[in-house]
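Just so you know, these numbers come straight off a predicted model, no measurement behind them. Residue numbers run from 1 in the order of the sequence given. Side chains included, hydrogens not; waters and symmetry mates left out as well; all remaining heavy atoms used.
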Amino acid sequence: MTDTLINVDLATPATENPLVHNRWHPDIPMACWVKPGDDFIVETYDWTAGAIADNDDASDVRDVDLSTVHYLSGPVGVKGAEAGDLLVVELLDIGMKEEAPWGFNGFFSKQNGGGFLTEHFPYAQKSIWDFHGMFTTSRHVPGVKFAGLIHPGLIGCLPSHELLASWNERELALIATDPERVPPLANPPVAGTAHMGKMTGADRDKAAAEAARTVPPREHGGNCDIKDLSRGSQVYFPVYVKDAGLSVGDLHFSQGDGEITFCGAIEMAGGWVHMKVELIKGGMEKYGIKNPIFKPSPITPNYQDYLIFEGISVDETGTQHYLDVNVAYRQACLNAINYMTKFGYTPAQAYSILGVAPVQGHVSGVVDIPNSCATLWLPAEIFEFDIHPGADGPVKHIAGGVDIPIAYDK
Ligand code: ZN
């Protein structure tokens with residue numbers, strides 16, 4: 001039987017569990033040990049470790065302290081790993097903890113992190129998604145049902161001291177360009193809410209003051225939020241420190257490309273990851289690898305009928321931008337939301353669908369000056385009605401009365 005090396009008790013605060021941490025720092029002690037060729041299981045909290053409840057009140061999303069996230073299980077020490085190696089991680093399987101067959105999707109308040117469409121959805125909202133085996137539905141978003149594409153939002157190895165210093169230098173320089181911006185341009189280290197795993201005392205305090213927050217993806221992978229890095233994938237991670245130090249968390253039952261709602265996917269209330277590790281000695285230089293690469297799973301939801309929305313780099317006010325893919329993808333998303341409202345969805349329900357369903361985002365063109373073109377692929381089969389345009393439509397299939405709970409700023 002495969003060993004479970006890290007257990008989490010969802011009823012106990014993550015801060016009391018020395019086998020999890022919420023910062024990146026090379027000196028965080030290994031939580032457990034494996035050797036190349038081993039397979040093992042680690043359990044995970046949701047990324048907020050229980051701050052968001054299964055109810056119809058979004059005030060917890062409004063009030064969440066984002067300096068406490070993400071709670072990661074690890075670091076797992078891999079015997080024999082050295083800086084410059086590649087750590088090969090096979091995601092053999094991923095699942096939910098039996099006592100937590102649900103997840104949440106939220107929009108943060110613009111005052112507390114925001115999201116991709118925060119100018120259009122400035123207040124905290126949340127929807128709850130129930131898991132039925134491999135499928136999910138929501139009492140807050142009727143008319144859709146889809147299969148999960150379960151993946152870790154966040155996985156990677158510990159940075160070296162040198163790499164950590166470069167992260168802090170470049171991110172603090174960005175913040176300094178507009179330090180009062182709401183939401184902020186990046187998140188600096190915050191010592192008070194850092195959970196440094198097994199570290200205690202003066203060592204902990206020194207490391208916590210410089211440890212990197214877990215929000216952005218970086219060279220090591222980290223919070224990449226790639227829906228296709230799902231169970232069955234094989235990932236090749238750069239190793240920066242002796243014993244590698246692999247950590248994982250932020251499990252998503254499903255997510256659309258871009259994780260546009262920021263809180264973000266369907267965040268699984270509790271889960272587990274079954275992994276196998278191998279090493280490629282000196283693999284970073286041999287293969288010229290700076291960021292992780294991976295092979296996708298042979299098993300993914302089989303949606304083939306898409307309605308594809310185009311967006312160009314002309315923003316909501318009609319202002320022309322130069323080849324700005326971010327603006328173009330935002331327009332594609334807004335176009336899809338507007339379309340879905342014609343079938344009876346509220347804008348918030350439609351936004352949530354784009355955050356959680358297996359929608360694809362594509363960079364379609366980046367050379368035709370002055371407009372880049374992005375596309376958002378909405379799988380038509382997830383809807384319990386016909387979502388296509390036709391001579392007699394659109395028909396309002398979603399009756400009023402149900403919406404996603406909202407919590408206005410205090
Ligand atoms: Zn997440």
Side-chain angles (χ1 to χ4, degrees), residues 47 91 94 103-108 114-118 120-121 127 129 136 138 141 144 146-155 215-217 221-233 235 250-268 291-297 299-313 323-340 348-366 372-383 387:
W47 71 301
L91 299 174
I94 305 175
F104 58 90
N105 173 258
F107 319 157
F108 289 127
F116 190 56
L117 303 181
T118 197
H120 300 270
F121 300 91
S127 53
W129 295 79
T136 186
S138 172
V141 187
V144 286
F146 47 89
L149 180 54
I150 302 185
H151 59 277
L154 207 162
I155 182 168
V215 174
N223 195 25
C224 286
D225 292 315
I226 303 168
K227 76 181 194 318
D228 302 292
L229 202 156
S230 59
R231 62 177 170 165
S233 297
V235 200
D250 184 26
L251 299 189
H252 297 163
F253 189 82
S254 178
Q255 181 209 294
D257 281 344
E259 205 197 16
I260 63 171
T261 47
F262 184 22
C263 172
I266 298 176
E267 306 289 344
M268 293 174 70
N291 298 70
I293 60 176
F294 71 97
K295 288 172 60 62
S297 175
I299 305 290
T300 56
N302 185 26
Y303 295 118
Q304 309 206 323
D305 181 16
Y306 288 88
L307 196 54
I308 301 176
F309 294 84
E310 300 182 8
I312 57 171
S313 51
L323 297 181
D324 189 327
V325 175
N326 198 288
V327 171
Y329 193 51
R330 193 168 78 235
Q331 304 318 304
C333 293
L334 290 169
N335 289 343
I337 289 170
N338 186 46
Y339 183 88
M340 281 189 272
Q349 288 172 326
Y351 186 26
S352 182
I353 289 170
L354 298 190
V356 305
V359 305
Q360 298 183 30
H362 291 247
V363 176
S364 301
V366 290
S372 53
C373 178
T375 47
L376 182 132
W377 300 39
L378 185 65
E381 297 115 308
I382 69 171
F383 295 92
I387 193 87

Can you check whether [Y]'s main-chain N or O pairs, donor with acceptor, with [X]'s side chain at less than 3.5 Å?
X    : Y    : value
D257 : K227 : no
S313 : V327 : no
T300 : L149 : no
N338 : L334 : no
N223 : V215 : yes
Y351 : L117 : yes
T261 : S352 : no
N105 : G264 : yes
S230 : I150 : no

Between atom [atom1] of [X] and atom [atom2] of [Y], what is the distance when rounded to the nearest 0.5 Å?
X    : Y    : atom1 : atom2 : result
S364 : I312 : OG    : CD1   : 12.5 Å
H151 : L229 : NE2   : CG    : 8.5 Å
L378 : M340 : CG    : CE    : 5.0 Å
I155 : L251 : CD1   : CG    : 9.5 Å
E259 : I226 : CD    : CD1   : 11.0 Å
I382 : S254 : CD1   : OG    : 8.5 Å

Quick one: closest heavy-atom pair of [X] and [Y], and the distance?
X    : Y    : answer
P301 : G148 : CG-O, 3.7 Å
S233 : S297 : OG-N, 3.5 Å
I387 : A380 : CG2-CB, 3.7 Å
V366 : L323 : O-CD1, 3.5 Å

Min side-chain heavy-atom separation [X]-[Y] under 4.5 Å:
X    : Y    : value
L307 : F383 : no
N335 : L376 : no
Y303 : Q360 : no
N326 : F116 : yes
D250 : P152 : no
M268 : H252 : no

**Asked** S138 and S127: side-chain donor and acceptor closer than 3.5 Å?
**Response** no
**Request:** Give me the ring orientation class for F262 and W47: parallel if the planes are under 30° apart, tilted from 30 to 60°, perpendicular past 60°.
**Result:** tilted
**Asked** So which of Y329, Y339, W377 actually passes ring pair (Phe, Tyr, Trp, His ring centres under 6.0 Å) with F309?
**Response** Y339
**Asked** Would the W129 and F146 ring centres measure less than 6.0 Å apart?
**Response** yes
**Working for side chain to side chain contact (heavy atoms under 4.5 Å, CB included), residues F121 and I337** = CA-CA 12 Å; F121 300 91; I337 289 170; 4.3 Å; yes
